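Here's the structure, in structure tokens; my notes come after.
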Amino acid sequence: MKIGKATTPSSAICTSDEDTIVVRGRDLCAEVIGKLSFTEYFFLLLTGKQPTEATLKVLDATLVAITEHGLVPSVQAARMTYAASPEALQGAVAAGLLGCGSVILGASANAGEMLDEVKQKMSSGKSLHDAAREVVSEYRAVKKPIPGYGHPLHKSRDPRVSALFNTASEAGSDLSYVEIAEEIERVIPEIVGKPLKLNVSAAIPAVLLGAGFPLQALRGVPILARSAGLVAHLYEEQQSPIGFALSYQATREYEYTGDMPSND
């Protein structure tokens, strides 16, 4: 059964023969290994293009910003999975990545879509303020969360926001999406009824989209970054196990709220 348009499998990413491995038109051994950083290589793999200095600096900064964030649910899932199955490091990393959704890590992709919605409205002639206000109002009307705004700990502003915005500015990157992100922050109080400050999940797409990173691939950035963080946590789990301690603490606070069997 044929589903979709393609009838022949094809890819522009990689090919090889007995002597040569070609990645995005380059000889892997002669032109890539030892010549490109991992971040440069990632962008090349993704887009087929060599990143500019500004793009490279911004992309590298976003990967660093989101790699580690303590014992968040994805890390706990990975460490507990490793404790239960220490022979399967890959399974533990996968367990951590499976939680990359709209609340944890995946929010940056959702925020990027929201920033792009504002950009599209501006392209049709609306001012920045009016476009931002309209998009936030639309989200509010259907009770959608405003992705990338508000943080349980960083109430004034996630400190990573300024670090990323400063990096983008110093690199000479396009700051148009940064301006959109900041305008959204300004209009939120009058629409939502309380201030919700920028967090890193909105800062990441704000700087990446301005640096030429594709909107459709945004979710891959925190996934890639957190994979590295999970490997670090799992190496520590090998040396100083806490997977079962995490499970024990959850059990210790457990309360049964269901029915009990009748004594009759």
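Everything numeric in this text was worked out from a predicted model, so none of it was measured. Position 1 is the first residue of the sequence; numbering continues from there. Atom set for the values below is all heavy atoms of this structure, side chains included, hydrogens, waters and symmetry mates excluded.
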Exercise. Using only heavy-atom distances, determine whether the side chains of S176 and K119 contain a donor-acceptor pair under 3.5 Å.
Key: yes
Quiz prompt | CD1 (I21) with more than 12 external heavy atoms under 6.0 Å | solution = no
Self-check item: Donor on one side chain, acceptor on other, D130 and S127, under 3.5 Å
Solution: yes
Self-check item: D60 side chain to T39 side chain, donor-acceptor N/O pair below 3.5 angstrom
Solution: yes
Practice problem: Using a strict cut-off of less than 4.0 Å between a Lys/Arg side-chain nitrogen and an Asp/Glu carboxylate oxygen, indicate whether E138 and K121 qualify as a salt bridge. | Solution: yes
Quiz item: Mind checking whether L97 and M80 sit in one hydrophobic cluster, side chains of I, L, V, M, F, W, Y counted as touching below 4.5 Å?
Solution: yes
Quiz item: Side-chain heavy atoms under 4.5 angstrom apart, residues restricted to Ile, Leu, Val, Met, Phe, Trp, Tyr: same cluster for Y177 and M122?
Solution: yes
Quiz prompt | E53 CD: over 12 foreign heavy atoms closer than 6.0 Å | solution = no
Exercise. Could you go through the side chain to side chain donor-acceptor pair (under 3.5 Å) check for Q50 and R24 one step at a time?
Key: CA-CA 10 Å; Q50 179 79 20; R24 288 294 192 183; over 6 Å; no
Self-check item: Close side-chain approach of V22 and L28, heavy atoms under 4.5 Å
Solution: no
Self-check item: Under-4.0 Å salt bridge between R133 and E183
Solution: no
Exercise. Verify side chain to side chain donor-acceptor pair (under 3.5 Å) between S247 and Q249, making sure each step is shown before the conclusion.
Key: CA-CA 6 Å; S247 176; Q249 291 203 7; over 6 Å; no
Quiz prompt | Straight-line distance of R157 CZ to Y149 OH, nearest 0.5 Å | solution = 8.5 Å
Quiz item: Is there side-chain contact between F42 and P51, with heavy atoms separated by less than 4.5 Å?
Solution: no
Quiz item: If two hydrophobic side chains count as joined below 4.5 Å and joins carry through other members, does V200 share a cluster with L71?
Solution: no
Self-check item: Cluster overlap L175 with I180, hydrophobic side-chain contacts below 4.5 Å
Solution: yes
Practice problem: Pick out which of E113, M114, Q120 makes a side chain to side chain contact (heavy atoms under 4.5 Å, CB included) with D116. | Solution: Q120
Quiz item: Got a sec, which pairs hit salt bridge (charged side-chain N to carboxylate O under 4.0 Å, His left out) with one end in residues 37-49, sequence neighbours left out?
Solution: none
Exercise. Inspect the contact between R226 and E68 and indicate whether a charged nitrogen and a carboxylate oxygen are less than 4.0 angstrom apart.
Key: no
Exercise. Determine whether I204 and L56 fall in the same hydrophobic cluster, where Ile, Leu, Val, Met, Phe, Trp and Tyr are linked whenever their side-chain heavy atoms lie under 4.5 Å apart.
Key: no
Quiz item: Would you say the side chain of T167 lies within less than 4.5 Å of the side chain of T62, judging by non-hydrogen atoms?
Solution: no
Quiz item: Is there a donor-acceptor pair under 3.5 Å between the side chain of S85 and the backbone N or O of T81?
Solution: no
Quiz item: Side chain of E185, backbone of L198: donor and acceptor closer than 3.5 Å?
Solution: yes
